[in-house]
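The structure appears right after this line, and notes come after that.
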Amino acid sequence: MCQKSFLFVKKKIKIKKFKEVGMDYLGQKNDIVKKLDSDSARGLSSELAAKRLEENGPNKIESKKKKSLGKKIAEQIIDPMVILLIVASIVSAFTGDKVECFIIIAIVIINAIMSIIQEGKAEDSVEALQKMSSPEASVIRDGKKIKVKAEELVVGDVVVIETGDIVPADMRLLESSNLKIDESSLTGESVATEKNSEAVYDSEVGIGDRENFAFSSTIVTYGHARGIVTQTGSDTEMGKIASSLHQVEDKDTPLQRQLNKLSKLLAILVVVVCIIVFVVGYFRTGDSLLDNLMVAVSLAVAAIPEGLTAVVTIVLSIGMNRMAERKAIVKSLVSVETLGATTAICSDKTGTLTQNEMTITKIWTNEKEYEVEGSGYEPKGHIKLNDEKIEDEENIKLLMKISTLCNDADLVLEDKQYKIIGDPTEGAMLTFSEKWGIVQEDLEKKHPRIEEIPFDSDRKMMTTFHNVEENYKAMTKGAPDIIISNSSKILLNGEIVDFTQDLKQKAMDENKNLAKQALRVMAYAFREFDSIKNEDLTSENIEKEMVFVGLTGMIDPPRPEAKKAVAECHSSGIDVLMITGDYLETAFAIARDLGIADSKDQAIEGKELNNMTDVEIRKIAKEKRVFARVSPQNKVQLVNALQENGEIVAMTGDGVNDAPAIKNADIGISMGITGTDVAKDTANMILVDDNFATIVNAVEEGRIIFANIRKFVSFLLSCNIAEVLIVFLSILFGLPSPLTPIQLLWLNLVTDAFPALALGVEPGEKDIMEREPRDPKESIISGDLRNSLIVQSLAITFAVLISYIIGLKLIFPGNIEGAHTMVFATLITSELLRAFSVRSTKYTLKELGIGSNKQLIKANILSFALLLIVMYVGPLRYLFELELITWQWIIILALAFIPLILGEVHKISVRKK
């Protein structure tokens, strides 16, 4: 292939008028160069560049500052549940229970350490994913072209960009040659944008329509240009979006709000219990004020599930690690559960629902339409006609040769993954050819390029010249209407015949048909010459009377797994909305293919939102499912509208244009591979594999985690409520306190903790993804779980009080330690059995399978072993003030099974209703 010359094609100046006002750098080039005190030929002097760098700082977007260790610790301490525990520990210390005080404080410290460690792990993972956007730039200084670090660019620098470069700063183009730039990270458009340095605007225009501008962090896919830097760092369009993110306040997740409510409720309960027990005890027992105060405080501390905060943290941490194994990095513990509450997923299209790899899916030649299987840049797939593989077709072969030779892109294999260097449209052509074994490198060796007429946006064609046997062939690709009108012949069944008006009309009809499917259509033609002269190689002489070969239709295809993921979302009661900067036709075609929308009435362009009120946008958010040509502000408007409609919103995306909406969403999700640094910094979760289906896996994990949190919260509360009722009713009936403070402590901190942790890793119930998302306003303990908690608490209270009365009146008359032993053993055993019942409010233990949660079996064995150690090891039995028992276990076990049996009967009765 001949080396391409660096020619800048001059075009007629285009004046465009738009409604918006402001034209800082959109006007005449010379005026802008003068305004920036630069020189378009020599650039800045080294001295002036150094001075501007010192004054304005490096060309770098500041990342969000990490939280300091002090702030992280403070966030752990101000949690309402933690405050409640600290108060309980202080009360315990003042009433003489130093051991209890120490254990509670230890739980608080361990919980804080675990949370901070997990958050640090997430930060490290994010840093590992982030990549430097543009390490070096080619700049003209002192009249010489040199390489400098992108961070050292300043306003007024003249920069040279070419195919494959990442634009290092916002630039007004001074000269351009066939320049195309992939701006998908900024605008969301999957097709590269054509640029023209000669375009001039007398009014402000939208970012996606500025032909004379190149924006920081976008990628040059074709051609080359020279531009003058107008903004750097945080002043670039990318930087402005990044800066706006810091103004958005972080919101509490649904779990945080529910735990805060529970903490307040428990705080009120503790105060009420203290007062009632103190007053009733004083008048019923006749004990001293101090003794009654001690009992009241002990019971109040018992009412607080000390292990709750620690167990929640551990379970969220486990869930966080499980999600990481499934390619989803969650940056904070509480975000793990928020996914389970998601009711609406707003997804960007390019690179999220689609592969961000243009792919030819249809070809039309020989008056037949063929389907091309396979997607992405990996050259796998087949060409089919009526579901039959095409083994040999002369027209198809020639079409492939033209698409490969008239091509400036390269298909390369890096790290076992195919990538395109150059324009994505041309990359799709190379992949298409290689599916039939036509390799670019081999074809170029056989038919080297001799000359070319480069593509430009006026002609909308590109032609290359090649040696083919003894002749020369001009191979042309370009816009279908132009190629068809400039062709006089057509290749049919391997023969060249006249391109009649009827045949031209068929080709034009097929062009319209493919375009209606939101495909980007390209036409191919050739012309043969006996000899060529350089002076004759002009578009006027060559690109006429050509032989038309056929058409291809290409699109950025949906991810293969995305359709199934969308269907799973719908079956789970989760709405999926596509919010993209791409064109409406393309967006709707992809949305229809994925099952997001089935009618064009469900699609709307972002500009229609600009003049709507918040109430109107809220209504639109309920009705529409595809939002095309949207701005970053439109995305934020839609996220806010959905939230005001009561939705828990997840926003996915990979570009800087997605970042504000990601920040505003309840759960922001960024792509790990294609995601920009700004998007990753902003998001709550990062998809390592850029796979939309991973979101569904994460939602499932979130639902399982929340379900498990409800289970162990119910378990701990039912046990603690039963303990409170047992002590309160005993005092009310004039009986001695059934448990000592140290026995209550052992129950809460040791025996309850292990089953609660095991419930936290309970496998998800089989229909968990078939259920509607939970109401975020609904309490953690509600519905069937609340009813089950009440039944179990009363059942445990009844069983233990019976055991207490039997022990106090019949087995150990007058021996309070014997009665305490009966209560201690019955209460712990019944609570351990209760843990099996709380695994589900719907399915019985038989349906779940006793062995399906092996961790719970191990935890219960451990807890029961701790009970036996305390009861049968002499020094410990003395410390806990217990009696040695033998045959009494028959009564204890009989009573302990009552709550379990009632719990299972309650499930069956609820299901029958």
Side-chain angles (χ1 to χ4, degrees), residues 79-82 84-85 88 100 103-104 107-108 110-111 255 258-270 273 298-316 318 337 705-727 739 743-762 779-782 785-797 800 827-841 853 855-856 859-860 862-864 866-867 899-900 903:
D79 182 273
M81 182 64 76
V82 174
L84 195 59
L85 289 175
E100 184 173 282
I103 292 175
I104 294 174
I107 286 176
V108 171
I110 292 169
N111 169 65
L255 178 63
Q258 292 302 326
L259 288 177
N260 288 344
K261 283 182 182 178
L262 181 61
S263 300
K264 291 173 184 176
L265 180 64
L266 286 174
I268 294 170
L269 177 65
V270 166
V273 166
S298 297
L299 191 58
V301 173
I304 301 171
E306 288 91 343
L308 179 59
T309 303
V311 174
V312 168
T313 301
I314 293 169
V315 169
L316 289 176
I318 292 170
E337 178 276 334
I705 287 164
F706 184 75
N708 290 346
I709 288 173
R710 293 185 77 214
K711 289 169 188 176
F712 66 67
V713 168
S714 173
F715 169 71
L716 290 173
L717 287 182
S718 64
C719 296
N720 287 26
I721 289 171
E723 292 164 16
V724 170
L725 287 175
I726 291 164
V727 174
L739 291 165
Q743 289 168 356
L744 282 169
L745 180 66
W746 186 263
L747 280 163
N748 285 352
L749 298 185
V750 181
T751 315
D752 292 352
F754 300 120
L757 278 172
L759 288 170
V761 294
E762 175 75 19
S779 171
I780 291 180
I781 304 298
S782 59
L785 192 67
R786 180 187 58 228
N787 297 335
S788 173
L789 186 153
I790 293 170
V791 168
Q792 292 283 290
S793 298
L794 294 176
I796 293 172
T797 301
V800 174
L827 183 55
I828 290 177
T829 307
S830 63
E831 287 181 357
L832 296 180
L833 293 172
R834 149 75 172 153
F836 286 103
S837 180
V838 82
R839 290 175 59 196
S840 174
T841 58
N853 186 346
Q855 298 302 321
L856 183 58
N860 277 6
L862 175 59
S863 294
F864 194 72
L866 290 171
L867 168 64
L900 172 63

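Note: hydrogens, waters and symmetry copies are ignored here, and every other heavy atom, side chains too, is used.
For Ser830 (side chain) and Leu827 (main-chain N/O), a donor-acceptor pair under 3.5 Å exists by modelled atom type. Without hydrogens or angle criteria, Gln792 side chain to Pro899 main chain gives a donor-acceptor distance under 3.5 Å.
The one candidate from Asn860, Val800, Leu867, Leu900 that meets the side chain to side chain contact (heavy atoms under 4.5 Å, CB included) condition with Thr829 is Leu867.
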Query - Test log, rule side chain to side chain contact (heavy atoms under 4.5 Å, CB included), inputs Val761 and Ile318 - result: CA-CA 8 Å; Val761 294; Ile318 292 170; 3.7 Å; yes

Practice task
Before giving the answer on side chain to side chain contact (heavy atoms under 4.5 Å, CB included), spell out for Leu757 and Phe712 the whole-Å C-alpha distance, their side-chain angles and the decisive distance to 0.1 Å.
Solution key: CA-CA 8 Å; Leu757 278 172; Phe712 66 67; over 6 Å; no

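The minimum heavy-atom distance between Ala835 and Phe715, with the atom names listed, is CB-CE1, 3.8 Å. Counting all heavy atoms, side chain and backbone alike, Asn853 lies closest to Ala758 at ND2-O, 3.2 Å.
In this structure, Gln855 CD and Leu759 CG are separated by 11.5 Å, a value rounded to the nearest 0.5 Å. Rounded to the nearest 0.5 angstrom, Lys711 NZ and Ser840 OG are separated by 6.0 Å. Annotation: the span from Leu832 atom CG to Leu862 atom CG amounts to 10.0 Å, rounded to 0.5 Å. Rounding to the nearest 0.5 Å gives a distance of 10.5 Å between CD1 of Ile796 and CG of Leu725. For the atom pair CG of Leu716 and CD1 of Ile721, the computed distance is 11.0 Å after rounding to the nearest 0.5 Å. The CD atom of Glu723 sits 11.0 Å away from the CD atom of Gln743 when rounded to the nearest 0.5 Å.
Shown here are the side chain to side chain contact (heavy atoms under 4.5 Å, CB included) partners of Ser714, two or more places apart in sequence or in another chain: Ile781, Leu785, Leu789, Arg834, Val838.
Side-chain atoms of Ile726 and Thr797, non-hydrogen and from C-beta on, do get closer than 4.5 Å to each other.
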